[in-house]
Amino acid sequence: AERDTATPNSGPISSRDMPGVCFPADTEGVRSTSAFGKEVFSAVAAALGDEPLAQAIVSEKDWRHTYNAHMLKVFEAQLRADPAVALA
């Protein structure tokens, strides 16, 4: 059975028992919203054609405290992009 280690105080639980959004587990079964967010915003930056920004997001070591600056750069990239690409 799949276990979730993101809730250490209440013990491991199955993802089937978790209501709401269930973030993907990594190879160790940990469900990290930070890792998921980095993947999503990196993919958006790459789709907008800003590969340096995508790489900066992937390599960010302090995502929890710096994601807002990266999000602003993604939004700025959307403004510069072709409207069809920015809305895709």
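Hydrogens, waters and symmetry mates play no part in the numbers below; they use all other heavy atoms, side chains included.
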K.L.:
Using the ring pair (Phe, Tyr, Trp, His ring centres under 6.0 Å) criterion, which residues pair with Phe75? Sequence neighbours excluded.
P.N.:
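Ring pair (Phe, Tyr, Trp, His ring centres under 6.0 Å) check on Phe75 returns nothing, list empty.
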K.L.:
Compile the donor-acceptor pairs under 3.5 Å between side chains in residues 43-63 and protein atoms, sequence neighbours left out, one pair per line.
P.N.:
| residue | atom | partner | partner atom | Å |
| --- | --- | --- | --- | --- |
| Asp50 | OD1 | Leu53 | N | 3.0 |
| Glu51 | OE2 | Gln55 | NE2 | 3.3 |
| Ser59 | OG | Gln55 | O | 2.9 |
| Ser59 | OG | Ala56 | O | 3.4 |
| Glu60 | OE1 | Thr66 | OG1 | 3.4 |
| Glu60 | OE1 | His70 | NE2 | 2.9 |
| Glu60 | OE2 | Asp62 | N | 2.9 |
| Glu60 | OE2 | Thr66 | OG1 | 3.4 |
| Asp62 | OD1 | His65 | ND1 | 2.9 |

K.L.:
Which pairs, with at least one residue in residues 38-62 and sequence neighbours excluded, count as a ring pair (Phe, Tyr, Trp, His ring centres under 6.0 Å)?
P.N.:
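Residue pairs passing ring pair (Phe, Tyr, Trp, His ring centres under 6.0 Å), neighbours aside: none found.
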K.L.:
Do other residues, nucleotides or ligands put more than 12 heavy atoms under 6.0 Å from the NZ atom of Lys73?
P.N.:
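Not more than 12 within 6.0 Å, no.
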K.L.:
Name the atoms and distances for all side-chain donor-acceptor pairs under 3.5 Å in residues 81-88, with sequence neighbours left out.
P.N.:
| residue | atom | partner | partner atom | Å |
| --- | --- | --- | --- | --- |
| Asp82 | OD1 | Ala84 | N | 2.9 |

K.L.:
Residues in side chain to side chain contact (heavy atoms under 4.5 Å, CB included) with Glu39, at least two apart?
P.N.:
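Per chain and number, Glu39 pairs via side chain to side chain contact (heavy atoms under 4.5 Å, CB included) with no residue.
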K.L.:
Once salt bridge (Lys or Arg N to Asp or Glu O under 4.0 Å) is applied, do any residues pair with Arg64, and if so which ones, sequence neighbours excluded?
P.N.:
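Per chain and number, Arg64 pairs via salt bridge (Lys or Arg N to Asp or Glu O under 4.0 Å) with no residue.
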K.L.:
Considering only heavy atoms from C-beta outward, does the side chain of Phe36 approach that of Pro24 to under 4.5 Å?
P.N.:
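The answer is yes; the side chains approach within 4.5 Å.
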